[in-house]
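Chain naming here is simple, since letters A, B, ... match the order of the sequence lines and numbering starts at 1 in each.
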Amino acid sequence: MTRLTYAQALNDALRGEMLRDERIVLLGEDIGVYGGVFSVTSGLLEQFGPDRVLDTPISENGIVGAAVGMAMSGLRPVVEIMYTDFLCLALDSIANGAAVFPFAYGGQVSMPLVIRTQGGAGANAGPQHSKSLEAWTAHLPGVHTVLPSNPADAKGLLTSALRSSEPVVLVEHKLLYGTEGEVPEGEHLVPLERAQVVRPGRDATVIALSRMVGEALVAAEQLAEQQLDVEVIDVRSLRPLDVATLAASARRTGRVVVAGEAWVRYGPTAEIAAAVTEAAFAELRAPVVRVGSLGVPYPASPALEPTVLPDADTLRRAVEDLVKSAR
Amino acid sequence: MTRLTYAQALNDALRGEMLRDERIVLLGEDIGVYGGVFSVTSGLLEQFGPDRVLDTPISENGIVGAAVGMAMSGLRPVVEIMYTDFLCLALDSIANGAAVFPFAYGGQVSMPLVIRTQGGAGANAGPQHSKSLEAWTAHLPGVHTVLPSNPADAKGLLTSALRSSEPVVLVEHKLLYGTEGEVPEGEHLVPLERAQVVRPGRDATVIALSRMVGEALVAAEQLAEQQLDVEVIDVRSLRPLDVATLAASARRTGRVVVAGEAWVRYGPTAEIAAAVTEAAFAELRAPVVRVGSLGVPYPASPALEPTVLPDADTLRRAVEDLVKSAR
Amino acid sequence: MTAVIQPPAGVRPAPAVDLMELYRRMRLLRCLDEALADLVEQGLVRGPMHLGIGQEAAGIGATAALEDGDLVTATHRPHAQYVGLGLPLGRTLAEMMGRADGQCGGRGGHMLIADRAHGLLGPSGIVGHSLLLAVGHGLAQRRAGLGRVTLCVTGDGAVNSGAFNEALNMVALWRLPVVVLVENNRYGLSVRLDRHVHQTALHRRAGGYGIPAVQVDGNDVEAVREAVQGAVGRARSAGGPTLVEAVTYRNCPFSGSDRGGYQDPAEAEGLTDPLRLAAERLLARGRRPEELAEADGRAAREIAQAVAFAEASPWPEAADLVALAARWDGEGGR
Amino acid sequence: MTAVIQPPAGVRPAPAVDLMELYRRMRLLRCLDEALADLVEQGLVRGPMHLGIGQEAAGIGATAALEDGDLVTATHRPHAQYVGLGLPLGRTLAEMMGRADGQCGGRGGHMLIADRAHGLLGPSGIVGHSLLLAVGHGLAQRRAGLGRVTLCVTGDGAVNSGAFNEALNMVALWRLPVVVLVENNRYGLSVRLDRHVHQTALHRRAGGYGIPAVQVDGNDVEAVREAVQGAVGRARSAGGPTLVEAVTYRNCPFSGSDRGGYQDPAEAEGLTDPLRLAAERLLARGRRPEELAEADGRAAREIAQAVAFAEASPWPEAADLVALAARWDGEGGR
Ligand SMILES: Cc1ncc(C[n+]2csc(CCOP(=O)(O)OP(=O)(O)O)c2C)c(N)n1
Ligand SMILES: Cc1ncc(C[n+]2csc(CCOP(=O)(O)OP(=O)(O)O)c2C)c(N)n1
Ligand SMILES: [Mg+2]
Ligand SMILES: [Mg+2]
């Protein structure tokens, strides 16, 4: 174990796998000479050279489309899309390309493509640099969407993604890059299809995504003072969704809150709520509660952004209300 | 009332509103000289001239981005995106543009922008021309996503969209263009935020989208023979979602199936199921059942596509199973 | 540590040494498309169908300039590449009919037939994709350092896609071994060239990227082959990309659903048919009419056999789709 | 039937008649950006912040060529347009601080300040947006037939976006009254020009669309104004679009989070500072040093006042966000 930041853990995963597999090639805006706007690719150009770490032009759809071609040609491309908001520009290459060719070509090609991107609000970055759109790629059959919430998972999920033969979208969170944690040294794999119980509890379950996992743990500590024992589960992977783990907890506690930063309507929490309800309906004492961002674009003002973004307080209140209302 | 096809009803709405409001300008690929690949804009170039009906280059993001600028400059642009699949190319102009500027500019601009697009499977058009992605635009605050299921609603919803000052994505269905129905002559408005009960019933509720409404009505007739009285509701608008109408029915019948053609995971039915469950939990006798496409890309082969696509049979079986299982 | 990066090997038909062979391939392509028109009519092939009657020289001339191991990306109108690269036509027709013996088991259909063994990795129904995929192949080829080349086929309408700019810039910047063939058939679907671009000499777009470009008579199969051969040679010897604009004309409906009415009938009048041009040239060079007739007959028979093979092919099983969905969805997907 | 289509009217400062006025505006912009650097340091302005120190001549020269009623679209680095169009700077700073008196009530922040009254409809933090929005404005202006023009500001990095191709093609095809100003500061964020394009003379891209283009010294405010004036004149008289490439240099961090290290220190050495160039020219033309010092002092005071106004501005209320969400979500959204 070693103490690393989330950004360093991602860097560690890239470096380790690039040493192991020379088919891995990184491409993205400002990832080479500069080492990435969030420093995730720092030092990799120097170590692996310009054939394996490509600074690209500002061409989001083009980079991902090129990566789709590279993957079909036997390489293992890893694209960095600087902000999830810009992933909007590349969805054609994902939805009509990466998700389609392995299927449509009848299995003649695999698609070992990793798209790393970064989302989330809380940095006063405004409506074009703060969104959480993970529900979009999670809607696509054949594409994995994973969201690490801590440095160890960041390394483990990225390493697994780098060994997958199917496209993986890894959504990082801008506010997590600087957070530190214990990270296993050397090879560390986290499966791409397993949720994890990060705090066991009996009275209610909070199913959380990405940065909301940390907020849920804070809320759980506060609730413990009120003798409420809250289980916290980190979803980690949106697709395939680990319904078994989520539903087992829901059946035990009977009370579920699902928390993600994305907008609520048609967001990731809608699917999780629906899937958990399908699997644990009889044991639920109240409908699953969803927590997410207020349904407006993210305002830039520091005075407005907190109104839009959920946090530990929002979660605590949601659990309190749920416990009061549940039959 | 007059009998029109769905395509003719859309044409009627465009023509009527273009006569009424000269700020309306149409743009899209092949909509002018050719009259649209699905004939929706047939005759409009001849009637309104090339300043109001623009054949555009193949530039999806560019057309929508230009339309966003036109809307800010006082026009009322209507863009045709030939296939929903190609909307992937224009999501940047929608999510980072149309959905952002009216909010971010503090109300200095409105966004009277209509995007007409066409989705759905069943025409052996393969994985790049068959998708249903309405959940994506429905996730965006400030954007309306509506899906007409019949000619009268096609006219009414499009007319309302053409008078809205907020962006509306109107998702047409390729298999519906040729279907006929009674359509009110002259002005006909259908609100952009109301679901409609299209068949009342007592035993179960089928909440359906677009082409699935027709399939639900067929299934309801079959189920009536088994003495099952099924209510069918046409969602029509995904955002704002008319939870009140949906929940009222759910509370009465206690049994709900939600049916759309899109993939189930993170699809529109996830939100509808979650929202209905939140509002009618106490009265539900079983978890809401979701029906949608099998989670794989749409195969081209006529032998494979029916396995992926839900139809009246799928719906009938879903209701039968639900009635058996519900407490 | 894995070893060398090997792009997929292709089994390319031997470079066409003479015009007779080019003529044969064009005839095969014409027969294929004529047969397909019938099959669509009969309902044996369903869904969108983009034929290329009148455009045979561009596609056939271009692929004839390639060698074993090169790669090709193509568009929604890819039959010239299917024939030019020597794909087994029985399987190809089976794929278009949605049968089990199709290269893609019926999943891809007429626009999405890949054939790795023949170097075809990237026909796509999305305008612009062929350009982006070619960037990726080019990067892999440059990395492998084996002198292989990618031919990227695209259309006049595609020149206006965002992808065109992004791809041309990247192939220029990284000097990738990519040849971009713009099949300018003077229409993007129904929109005439001068209604979708102001500067109708499309090869001029290359200058802004510092890429050499050439415009050729796209109905002259030898001219196309020569132009592409020059470009391929430069790409192979690390000289970077070239844009070749082949001007031709689509002398058939855009697709099965074409209602017509947008093409100027006068345009078609002075038209050079690529097959007739090649035939006249062959006769002028001393070939006998019977030789041509024999080639025509052989092509017709080959296509008839391919159609028979495809029609006899069973329908694919849907069971594996269900398994795939279960794996991707996780528990309780549908 | 609604009547005439009226694009929004703008209240433009009177065309800058002399270099002195251009110098004043550049100084105001420089003072604004220097003040912002401090405000970011102090945490009074948060989020991304893109200053344009060193690039003043390009933006100021360009907007000085416009007239009342013209429109402007801009990028993530839009301060030159804010100053050049005469936006009230107190409100502009308030917007950057997220205060209630900002033009957008704090919602937009530094990248998204529109000011309809001043003709600014379309700064956007997404690379490429300014190009697409300009197509739309141009269409509306052409339709209105009042001889109004749109100035579209974009960067060297943006030239590689898909949007560039789509927009340039449309403005050329429809001969829209649009002037595209490429502020070539020789870096797209950290990526040096020759590492993101092969052909570094960016104005060459225009040829492929049949658009006239010119490259000017982007540090010479008069040269920029003259070039843009010519282009605006052509656009106004239905002569269609022009591309103007202004070559300059960003002599400050890319944004608040810039870790540096990617710019070649040698590059900055021979650099012409646009303000110094203008000052020298003014002195050579007989202006007295005190006049310049007075202009500098006035600019500093104006910015200080604007900062004071902004700091005194209240925070916006969040209540209307909740109401908006309720309306858009329908019942039970959160
Ligand atoms: C991104 C995208 N937009 C639109 C279409 C619909 N479409 C298919 S082919 C075509 C015309 C393409 O024109 P061109 O590139 O000239 O090729 P051609 O059909 O003439 O061979 C269009 C608009 C598409 N398939 N993909
Ligand atoms: C579509 C998109 N991709 C990436 C970014 C991140 N980004 C912001 S500015 C910038 C560089 C832009 O370069 P250029 O156009 O030269 O403008 P400059 O910053 O030099 O003024 C990048 C990559 C973005 N905002 N939008
Ligand atoms: Mg064409
Ligand atoms: Mg720049």
Heavy-atom pairs under 4.5 Å with chain D are the metric here; pick the option from B:G69, B:A67, B:A138, B:G106 that has the most. B:G69
Just how far is it from atom CD of B:E283 to atom CZ of B:R251, taken to the nearest 0.5 Å? 6.0 Å
Which bit of B:Q108 is near chain D, if near means a heavy-atom gap under 4.5 Å: side chain, backbone, both or neither? both
Closest-packed option against chain B by number of heavy-atom pairs under 4.5 Å, given D:P316, D:P123, D:G109, D:A325: D:P123
At a heavy-atom separation under 4.5 Å, does B:T56 approach chain D through its side chain, its backbone, both, or neither? both
Pick from B:P141, B:G65, B:A104 with the largest number of heavy-atom pairs that fall under 4.5 Å of chain D: B:A104
Hey, could you give me the CG/CG distance between D:L139 and D:L176, rounded to the nearest 0.5 Å? 5.0 Å
Please classify the contact between B:L54 and chain D as side chain, backbone, both or neither, with a heavy-atom cut-off of under 4.5 Å. side chain
Compute both the distance and the angle, then confirm whether B:R239 meets the cation-pi test with D:W328: under 6.0 Å from the six-membered ring centre, within 45 degrees of the axis. no
Residue D:H129 versus chain B: region with a heavy atom under 4.5 Å: side chain
Out of curiosity, B:L89 CG to B:I58 CD1, how far, rounded to the nearest 0.5 Å? 11.0 Å
Under 4.5 Å heavy-atom distance to chain D, tell me which part of B:Y105 shows up: side chain, backbone, both or neither. both
Ring-plane angle category for D:H76 and D:H50, please: parallel below 30°, perpendicular beyond 60°, tilted otherwise. perpendicular
Below 4.5 Å from any heavy atom of chain B, which atoms of D:R327 appear? Answer side chain, backbone, both or neither. both
Can you tell me which of D:A114, D:A163, D:S124 forms the most heavy-atom pairs within a distance under 4.5 Å of chain B? D:A114
Under the 3.5 angstrom rule, does the side chain of B:S73 hit a backbone N or O of D:A140 as a donor-acceptor pair? no
If I measure from the heavy atoms of chain B, does D:L131 come under 4.5 Å with its side chain, its backbone, both, or neither? neither
Check whether D:R99 reaches the backbone of D:L93 with its side chain - one donor and one acceptor, N or O, closer than 3.5 Å. no
Please flag which part of B:E60 lies under 4.5 Å from any non-hydrogen atom of chain D: side chain, backbone, both or neither. backbone
Quick check against the 3.5 Å criterion: does B:E231 have a side-chain atom that pairs as donor or acceptor with the backbone of B:T205? no
Under 4.5 Å from any heavy atom of chain D, what part of B:V25 do you find: side chain, backbone, both or neither? side chain
Does some side-chain heavy atom of B:Y83 sit less than 4.5 Å from a side-chain heavy atom of B:T117? no
Of the backbone (N, CA, C, O) and the side chain (C-beta and beyond), which part of D:I126 lies under 4.5 Å from a heavy atom of chain B, both, or neither? side chain
